[in-house]
Amino acid sequence: MPYRLFCLLMAAVGIQAQQTPSINDTHIINLTPGLATQCGFSFKFDPMGNAMFFASLQNCFSQNMAVASGYKMTAVVFSPSKKVMNVDEVQRKGYAIANTPTRLVLRSPHNAEETYLQNVAGVPMRVLSTSTFFEQKWLVTRVDATAVCPTPEAVVFTPEVITWYMPKHIDPLFSSDAFTMLEVYMGIDAKRLDTEEMAARNYSVLVTEAHIIVEIPVGAVGGYFKSHIQDDQYFVTYTIEPMLELLWIEEVAHEDTSYKVLFPITTPPMARPPQVRNLPPSVTGNCDQENFHITVDYRNQDPFFVVLVGKRLLNHELAQQYLTEGDADFTITLPFSSPDAVFESVHSSSVRSRLDVALLNPYNNMTIKYFSLACSFLKTLTECFSNGTMTALAVKVESAPGLNPGQLTLSDPACGPTYSDDRFAYFHFTVNSCGTTRKFINNVMLYENEISLPDELEVKLNATVSSEEEYQLKVSCYYVANTTRTLAFLTRPRDHEPFVETGTGRLMVRMRLAQDASYNTFHQEEDYPVVRYLRQPLHFEVELTTSSDPKVALVLDHCWATLNEDRDSRPRWNLIINGCENPGDPYRVVFHPVVADARVHFPPHVKRFEVYMFSFTEDAGEPSGQVFVHCDVVICDASSPSGGPCSGQCVNQDNPKRGWSCFMLFRPCLTSSLLVCKKC
């Protein structure tokens with residue numbers, strides 16, 4: 001039976017620290033159960049038989065280096081009995097009492113004589129309430145402290161579920177009924193769990209008007225079964241140690257009250273047949289340039305286990321995506337950037353990622369096999385472009401679990417990410433902005449910047465994760481200051497003068513946005529506004545609609561994007577230049593071939609291209625809500641190309657063109673689209 005302790009931590013400014021005798025390396029003290037309870041130690045075995053030893057930072061033998069303030073602890077009064085004891089009497093009764101200049105620590109066995117039961121919102125709770133007095137010359141200071149712990153009567157068992165009831169308002173801890181609950185967190189074995197991990201283990205926490213209700217399936221991950229023999233019958237019990245962390249604020253006093261409880265729970269004995277264990281299956285793994293490959297070999301055994309990939313159980317949906325089955329094995333292939341993997345570290349040209357896989361017994365959720373694979377993947381996180389722009393990708397690493405990538409900035413705190421989610425932050429900036437520095441090294445210009453949290457957020461992060469490490473990622477670009485490039489070109493006389501056959505006619509060109517890459521269905525006028533996320537593909541089709549002449553061909557000459565309808569407005573971003581994708585675009589246009597089908601009778605009349613959704617960043621650093629896409633097209637004689645743009649898509653030339661100019665308004669957040677074509 002584990003010893004359960006009260007631990008009271010109360011602020012009391014100006015209280016003298018008690019001195020404990022120093023213990024040399026050869027002095028051994030027999031740590032009896034009573035002394036362990038009194039001094040802040042506990043001991044237990046984990047399900048695998050490993051010994052686990054726990055010690056409070058405020059234990060009897062830790063050395064306090066604080067400066068004494070002149071206060072002396074004189075008496076402790078226990079409520080409601082009003083029993084008064086001096087410090088020596090308190091310690092002889094099995095309590096531990098100590099203080100620092102800012103903290104009072106009082107420990108009590110769980111069923112000490114001075115504790116009492118109190119019904120709180122229908123839940124029996126055990127309470128210890130004290131007043132401790134300190135004297136300094138003519139001044140007496142009193143510190144009131146109360147601790148409240150759950151009792152076994154707060155738990156309800158069924159064969160399938162453990163239900164633990166905690167009062168939402170723990171009356172003995174508050175001075176008024178006016179309070180607001182700010183935070184509720186659950187954990188196991190003193191480790192806080194996030195919502196994803198709780199969902200994977202099928203834990204639930206429900207907050208009602210009166211209670212906080214924790215439900216844990218019998219056999220869930222985090223606990224363990226233990227075998228028992230009673231009257232020649234086989235039984236098992238299931239043990240788990242959930243944790244609750246609560247935070248309230250009293251509305252009158254505007255004071256925070258935090259509460260943390262670790263509550264070991266063991267089910268009553270349950271009659272179940274013993275299980276026969278095999279030898280465990282083997283797990284191996286390797287990495288290629290993009291993926292983890294983990295193989296589970298269970299030959300000559302029954303595959304009686306479930307698989308935990310990262311924090312998620314390998315269900316049918318994940319198996320269809322990641323799993324390849326063999327006769328007596330299966331392989332999990334997972335991208336290194338998958339949310340189920342964790343990033344251990346980030347370097348200028350690589351990312352170290354890790355994937356954890358566990359095989360669990362579905363009957364009791366005990367771990368059959370655990371395997372972890374970590375690899376370094378060569379990845380360019382910083383890109384430098386000849387137009388003086390830089391892009392950088394910041395990655396959330398395991399050592400900073402509380403980091404929000406969207407709060408990262410460049411050296412100038414006003415320069416946040418262009419795009420971010422819960423794992424990445426993407427930055428796009430010019431080398432003369434956002435606090436980028438420049439220095440010359442021989443014939444090279446070096447531009448440097450740093451991605452980090454603003455100072456005030458860095459302090460909060462460190463306070464959350466109890467670490468003094470800072471998140472910093474340096475990014476840099478090198479440019480050759482003086483360089484010469486040689487270009488070669490040839491000229492030839494024109495084969496014949498341009499000519500135009502006589503006649504009149506009307507040509508119509510339209511640009512449409514397809515719903516997907518099949519180009520079978522297109523957005524209609526009533527579909528707008530059309531919403532797209534950043535980096536999501538946009539599929540455009542430009543079509544000559546009124547001609548049935550097979551000799552005519554349509555060629556995209558220039559396409560670009562602006563912030564408004566004016567095709568000559570600034571800023572402007574080129575998508576297609578002289579029939580080719582913009583070489584300075586980090587996400588270049590992709591041209592798609594066109595073949596004849598039931599709708600397209602003349603493929604030369606149609607051009608299709610794909611653009612990744614982007615936005616312009618305005619002065620405040622926020623993305624604009626709309627993007628206009630414009631295109632200049634050229635109508636050519638396909639049977640007799642005359643050079644220039646009519647030589648085919650993606651041909652650079654400098655001679656002036658005559659053709660059509662089209663622009664299409666694509667409004668992700670507005671109410672309409674606009675398509676206009678006009679003769680040049």
Side-chain angles (χ1 to χ4, degrees), residues 494-528 538-561 565 567 574-581 589-611 628-666 672-680:
R494 183 156 28 198
D495 294 336
H496 53 76
E497 292 297 320
F499 68 94
V500 177
E501 294 181 359
T502 59
T504 60
R506 181 180 178 87
L507 296 176
M508 296 295 294
V509 178
R510 67 178 176 183
M511 179 189 295
R512 295 190 292 175
L513 179 63
Q515 293 190 4
D516 55 39
S518 68
Y519 289 91
N520 290 327
T521 56
F522 296 82
H523 287 287
Q524 305 299 319
E525 188 71 23
E526 60 270 21
D527 293 339
Y528 290 86
L538 305 172
H539 300 92
F540 290 96
E541 181 181 275
V542 183
E543 181 183 15
L544 179 62
T545 61
T546 58
S547 174
S548 59
D549 187 350
K551 297 180 180 179
V552 173
L554 180 145
V555 176
L556 298 175
D557 190 23
H558 285 78
C559 292
W560 66 99
E565 186 176 338
R567 67 195 310 273
N574 291 319
L575 303 172
I576 299 175
I577 302 174
N578 295 328
C580 299
E581 62 267 27
V589 165
V590 178
F591 293 100
H592 293 293
V594 181
V595 295
D597 56 25
R599 183 176 66 85
V600 179
H601 299 289
F602 304 98
H605 293 186
V606 180
K607 287 293 183 288
R608 293 170 178 168
F609 64 96
E610 176 181 337
V611 177
F628 291 77
V629 176
H630 312 258
C631 280
D632 283 340
V633 304
V634 177
I635 308 301
C636 300
D637 182 353
S639 64
S640 180
S642 59
C646 290
S647 296
Q649 197 69 55
C650 197
V651 175
N652 295 320
Q653 32 65 44
D654 296 320
N655 62 307
K657 284 79 59 181
R658 292 187 60 82
W660 293 76
S661 174
C662 297
F663 66 89
M664 178 182 181
L665 167 60
F666 173 68
S672 66
S673 66
L674 180 65
L675 177 63
V676 177
C677 293
K678 60 185 179 180
K679 189 74 177 288
C680 294

What's the verdict on side chain to side chain contact (heavy atoms under 4.5 Å, CB included) for Leu513 and Phe540, showing C-alpha distance, side-chain angles and the deciding distance? CA-CA 5 Å; Leu513 179 63; Phe540 290 96; 4.1 Å; yes
Run the numbers on Glu543 and Val509 for side chain to side chain contact (heavy atoms under 4.5 Å, CB included), then give the verdict. CA-CA 6 Å; Glu543 181 183 15; Val509 178; over 6 Å; no
Take Val600 and Tyr519 through the test side chain to side chain contact (heavy atoms under 4.5 Å, CB included) and record every step on the way to the result. CA-CA 11 Å; Val600 179; Tyr519 289 91; over 6 Å; no
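Here the CG-CG distance, from Leu554 to Leu544, works out to 6.0 Å after rounding to the nearest 0.5 Å. Here Cys559 contributes atom SG and Ile577 contributes atom CD1; the two are 11.0 Å apart, rounded to the nearest 0.5 Å. Summarising the geometry, atom CE belonging to Met511 is positioned 7.5 Å from atom CG belonging to Leu556; distances are rounded to the nearest 0.5 Å. Atoms CZ and CD, on Arg510 and Glu541 in that order, are 7.5 Å from each other to the nearest 0.5 Å. Rounding to the nearest 0.5 Å gives a distance of 9.5 Å between SG of Cys580 and NE2 of His558. The NZ atom of Lys607 lies 9.5 Å from the CZ atom of Phe591; values are rounded to the nearest 0.5 Å.
Residues Pro550 and Ser548 come closest through the heavy atom pair CD-O, 3.3 Å. The minimum heavy-atom distance linking Pro603 with Val594 is given by the pair CB-O, 3.6 Å. Considering every non-hydrogen atom in both Val552 and His605, the closest pair reads O-CD2, 3.0 Å. The minimum heavy-atom distance linking Ser547 with Asp549 is given by the pair OG-N, 3.1 Å. Here the closest non-hydrogen pair linking Phe609 and Cys631 is CZ-SG, 4.1 Å. What you find for Met508 and Thr546 is that their closest heavy atoms are N-OG1, 3.1 Å.
Note on ring orientation: taking the six-membered ring where Trp is involved, the planes of Phe628 and His630 are parallel (angle under 30°, cut-offs 30° and 60°).
Legend: residues meeting side chain to side chain donor-acceptor pair (under 3.5 Å) with Glu581, ordered by chain and number and at least two apart, are absent. For Asp597, the side chain to side chain donor-acceptor pair (under 3.5 Å) criterion is met by no residue, not counting sequence neighbours. Remark: Ser518 engages Asp516, Asn520 in a side chain to side chain donor-acceptor pair (under 3.5 Å) (not counting sequence neighbours). His592 pairs by the side chain to side chain donor-acceptor pair (under 3.5 Å) definition with Glu610, not counting sequence neighbours.
Side chains of His523 and Arg512 form no contact here, defined as non-hydrogen atoms less than 4.5 Å apart.
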